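Ligands are counted one by one from 1 in listed order, and the atoms in each one are counted from 1 as well. In this text the structure is predicted, and so the values were computed from the model without any measurement.
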Amino acid sequence: MQTVLKELPPITDPNVLVGINSGDDCAVYQIADGLAIIQTVDYFTPIVDDPYDYGAIAVANALSDVYAMGAKPLIALNVVGFHSRGLPLEILIRMMKGGGDKAREAGVSIIGGHTIDDKEPKYGLSVTGIIDPADIVYNSTAQVGDVLFLTKPLGVGILTTGIKRRTVSKAAIARGVEVMATLNRDASLAMIEVGINACTDITGYGLLGHLGEMTQGSGVGARIHARAVPVMQASRDLIDADLDAVPSGSKNNLKFVSSFVNFDPGITEAERLMLADAQTSGGLLISCPAKKADGLEAALKDAGTIIAARIGTMEAEDDTGRIDVVP
Ligand code: CO
Ligand code: CO
């Protein structure tokens with residue numbers, strides 16, 4: 001993406017605090033002393049069959065980048081593709097209802113949007129929020145010695161591929177929907193309260209891809225304990241039964257990260273693929289000073305996040321941001 005973005009005109013406005021030159025999750029623009037607006041847009045094609053669930057997941061996913069930077073989302077615009085002559089309007093209404101209910105849970109008002117005719121449905125949001133520039137949480141400010149926390153289990157990419165292939169139980173689908181539709185708001189509030197060094201959310205590049213952005217941006221190396229990383233059981237079952245349960249995007253992620261990830265020989269192919277699995281509406285990956293780790297774990301648990309797992313540490317300074325994955 002960076003190769004495409006560099007075709008855009010250079011940014012010269014000094015009020016642009018976070019723009020296209022960093023790998024951060026949102027753009028940030030200062031509008032007054034102590035006040036900046038934060039913006040992000042995200043949308044995708046259906047990943048579950050139920051249009052209400054799809055809408056809720058799309059909204060939780062779109063808001064996630066704002067939460068990853070420690071900001072407060074306020075308003076949003078719907079971004080919709082829908083084939084009005086090919087699909088019953090009831091489906092669009094259910095998508096909007098699922099999205100609207102999720103936005104209301106987040107305290108975000110959807111105040112407009114735009115729909116185009118599109119054979120394959122698409123839904124998401126353009127989100128606007130606010131933050132004090134002094135409080136921005138970057139993904140490039142991790143420190144040596146930090147403890148890494150993850151707030152949702154992995155495996156959503158494998159699970160949704162299984163849903164498309166009709167190889168997943170109803171209970172597993174329900175669990176996947178629950179994980180994806182959970183807002184990252186409470187995890188975000190917990191990390192703000194504790195005060196951490198860096199954060200990002202896990203989405204299409206998988207855990208190792210997003211961690212790589214963090215280590216490379218911060219100039220530190222990381223060590224991940226593969227068996228400390230929580231995974232949805234249904235996804236583990238799918239991949240254990242057949243390595244081809246993994247979507248091609250996740251296989252490509254694994255190829256991409258292999259230039260900066262060292263896998264211990266004891267890590268199986270299934271484990272490698274899981275750590276690279278493309279997530280939708282994944283959890284926050286938080287880099288927390290070691291002396292605050294107990295406090296963050298307690299705050300995440302109080303906030304009721306799905307998990308509050310310690311999955312590794314930031315190691316010595318390293319310009320290449322190498323990641324060691326050990327059992
Ligand atoms: Co993100
Ligand atoms: Co995004």
Q.
List the residues meeting side-chain contact (heavy atoms from CB on, under 4.5 Å) with Asp13, not counting sequence neighbours, and say none if there are none.
A. Asn15, Val16, Tyr29

Q: Restricting to N/O/S, name the atom of Asp201 that gets closest to the Co ion (ligand 1).
A: OD1

(Q) Restricting to N, O or S, what is the name of the atom of Asp65 that lies nearest the Co ion (ligand 1)? (A) OD1

Q | Counterpart residues, side-chain contact (heavy atoms from CB on, under 4.5 Å), relative to Ser258 (two or more places apart) | A | none

(Q) Are the side chains of Pro121 and Leu87 in contact, using a 4.5 Å heavy-atom criterion? (A) yes

Q) Asp25: which N/O/S atom is nearest the Co ion (ligand 1)? A) OD1

Q) Any salt bridge between Lys251 and Asp244, counting N to O under 4.0 Å? A) yes

